[in-house]
Amino acid sequence: MEGLKSRALHHLSHTHKVLALSSLHHFYEHLLQCCTSLTTLKLIHSSLSTRGFLLHTPHFLARLIILYSKLGDLHSARTLFDHRHHHHHGHTQAPNSFLCNTMLRAYANAGRSYEAIDLYIYMQRMGVGINNFTYPFVLKVCASELGAVFGKVVHGQVVRTGFGSDLFVEAALVDMYAKCGVIGDSHEVFDRMLIRDVVCWTAMITLYEQAERPLEALMLFRKMQEEGFLGDEITAISVASAVGQLGDGRMAISVHGYAVLNGFIGDVSVGNSIVGMYAKCGNVERARLVFDRMEERDGISWNSMLSGYTQNGRPTDALSLFNQMQASECDPNPVTALIMVSACSYLGSKHLGRKLHNFVISSKMDIDTTLRNAIMDMYMKCGDLDTAVEMFNNCEPGKRDVSSWNVLISGYGVHGHGKEALELFSRMQVEGVKPNDITFTSILSACSHVGLIDEGRKCFADMTKLSVRPEMKHYACMVDMLGRAGFLNEAFSLIKKIPSRPSDEVWGALLLACRIHGNTELGEIAANNLFQLEPEHTGYYVLMSNIYAASNKWKEVEMVRQNMKSRGLKKPAAFSVIEFGTEVHGFHTADQSSPYYREVYRKVESLAIEMKMVGYVPDLSCVLHDVEPEDKEHLLNYHSEKLAVAFGIMKMDQGMPIQVTKNLRVCSDCHWAFKFISSIYGRKIIVRDANRFHHFQGGRCSCGDYW
DNA sequence: CTAGGGTTAG
């Protein structure tokens, strides 16, 4: 009896112990799951260690190693790892595969490639079993840093050790080759796979999408479905991105349908990518619809929608959505700031730009060099050179980079301050900043805007000395510069010297020069190249027809117009904005939606009469429409930039400059008219067009009619 | 107990 009792007691206490132990394990597991700081982790670590759990429960050891590496303390992770297998007898003892894999994972996730490879080699040397779990980590490291050469070596080892047909390892190989840019090898691995799943199909689709080969990505997507795989959220994201690259609105709708039908749309990331896809296809309305219907929105959702508006030339919509964002529970981040800064640049509104800058400062978000450069650029594009320069000067030299210099140089360039641009260009070199390709486009276009031909030629010659290889965009700048200055033949022979096929920007620059100098023959050569290269680009048709119109070749004008019409091309809508106090007013061509339109219309009509009295003759060459001359003249009055300027003359105080931003190039008649207006009214008129700034004062323009 | 595919901005 007594014996039985004692045995029962013993049994009971044993169960108790086991129970306690298991709940302790759960307790620690819970602690580790909640642990987000190094200090807490160290406390848990020492507690686990005193209980002896680390010696007997490899699970906790692994958890600690992973957590340490996640929180950035790889040293502690490694110490733990080393300690474990030095423990028993004080001499090195081969660690087991599991632990090594864990440590490898820690290195791979932290991007510590060389330590990871070191460990991998150590494993091979010590004869630690390398298994199917090991390779994905090693291949990840190859993908991110070491490259395809090393990856190929590992691939060989995969095959030799007999893991060549493990689904996970194969998928990792596909991804590795893809990230190293060896698409052929990826495809080869993929083709040899006997069993495939969603993950490796998606990896293949993503690979083509990332390589900007959207058609092939979509073909794979179809093939995947034919083989009976539905795909999942991540597939949907990749496919949406591919369709966004194609810009095909109808396909966008069907991908959207795919996501809805399969229930992927509830996923925030899927929603985000659909929003971005629609925006890239030019369908902001649908983008907004999806955005509004999302159950859950994160920072990326807002940023996608905001940049969608900006990309589609709708900065005012971006700004009002930005206000909504601030009222929501989602805080703007530095990327948001970057998008909004570019919206303000586009709009050309000094006031809104400054307000945004103040917001960025007060929100205490991290202003890195990229964001600071964007803000400087915004000030330049809003006509506030002083603030941009001040920001540049107040910035510690360590926080400036080439782009900061580039922003200033190109900013001075678009304002027609060629000398200052050149000074900055040499100053940056004195201060030891190496000019890059963008520096040269900035300086060359600055020279071009002011007609500093010799300086421009010298900079172009200096490029190779400073080991920057001339690219197509630099040739385009040179053609632009030479062409504007009237050296059309020199420009044309430079084009012939370009080692590869001249791009549309190069021919476009020549075409523009031909319009300025009324050269029909060279213009036709340029245009014919352009119509082949970019048949959908409206601007080139418009330019060519302007050239014909200027030399009264109306039959040819009609031909170009018909050509445009048959391709279904329309002149993009012109849009001009003017800042008035804290408001921004926008005008389309012949706009009747503005609350002020009646008075503005009366003003442009009276302006036309006033100008004619002092010698203005309407320049009809920029009217494409097939109408009577009187009607053409009438149409000219309602150009968006004229409406905006008339609004400014009416509403703004005499001392205030009138600043207007137009989305396209300012038309030649408006340019001429503004000279008259600036002189009649004694006002400063500043117009920013798609190319540069025009400062009108006393009957002259800062561009010297050189634009 | 450990593993593979991802969207926004520039």
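Naming: A, B, ... by sequence-line order, numbering from 1 per chain.
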From B:dG6, B:dA9, B:dT7, nucleotide with atom closest to A:Ile300 side chain: B:dT7
CD1 (A:Ile195) with more than 12 external heavy atoms under 6.0 Å: no
Touch class at under 4.0 angstrom, heavy-atom based, for A:Asp197 against every strand present: base
Touch class at under 4.0 angstrom, heavy-atom based, for A:Thr206 against every strand present: sugar-phosphate
Touch class at under 4.0 angstrom, heavy-atom based, for A:Asn333 against every strand present: nothing
Value in whole Å for how far the P atom of B:dT2 lies from CE of A:Met123: 16 Å
Charged tip of A:Arg400 within 45° of A:Phe392 ring normal and under 6.0 Å: yes
Minimum-distance nucleotide to A:Asn101 side chain [options: B:dT2, B:dT7, B:dG6]: B:dT2
Length of the line joining A:Phe163:CZ and B:dA3:P, which is rounded to integer Å: 16 Å
Whether A:Phe168 stacks on the six-membered ring of B:dA3 base, 5.5 Å and 30° limits: yes
A:Pro136 side chain, from C-beta outward: closest of B:dG6, B:dG4, B:dG10: B:dG4
Proximal nucleotide (of B:dT7, B:dG4, B:dG5) relative to the A:Ala171 side chain: B:dG4
Sugar-phosphate, base or nothing in reach of A:Phe137, heavy atoms under 4.0 Å: sugar-phosphate
Touch class at under 4.0 angstrom, heavy-atom based, for A:Ser307 against every strand present: sugar-phosphate
Side chain of A:Cys200 (C-beta onward), nearest among B:dG5, B:dG4, B:dT8: B:dG4
pair A:Met224-A:Thr235: side-chain heavy atoms closer than 4.5 Å: yes
Any A:Gln210 side-chain nitrogen or oxygen under 4.0 Å from OP1 or OP2 of B:dG5: no
Distance-only donor-acceptor check, side chains A:His357 and A:Tyr379, under 3.5 Å: yes
Sugar-phosphate only, base, or nothing, as touched by A:Leu167 at under 4.0 Å among non-hydrogen atoms: base
Touch class at under 4.0 angstrom, heavy-atom based, for A:Val268 against every strand present: nothing
Length of the OH-P vector between A:Tyr278 and B:dT7, whole Å: 20 Å
Gap between atoms CG and P, on A:Asp267 and B:dT8 respectively (whole Å): 14 Å
B:dA9 phosphate, OP1 or OP2, under 4.0 Å from A:Gln311 side-chain N/O: yes
Nucleotide nearest A:Arg105 when distance is taken to its side chain, options B:dA3, B:dT8, B:dG6: B:dA3
More than 12 heavy atoms of other groups within 6.0 Å of A:Glu227 CD: yes
Sub-6.0 Å ring centroid separation between A:Tyr309 and A:Phe322: no
Whole angstrom value for the distance that separates C1' of B:dA3 from CG of A:Asp166: 9 Å
Nearest listed nucleotide, side chain of A:Thr235, among B:dG5, B:dT8, B:dG6: B:dG5
Closest to side chain of A:Val199, choosing from B:dA9, B:dG6, B:dG4: B:dG4
Options B:dG4, B:dT2, B:dT8, nucleotide nearest the side-chain atoms of A:Lys140: B:dG4
A:Met224 CE to B:dG5 C1', straight-line distance once rounded to whole Å: 11 Å
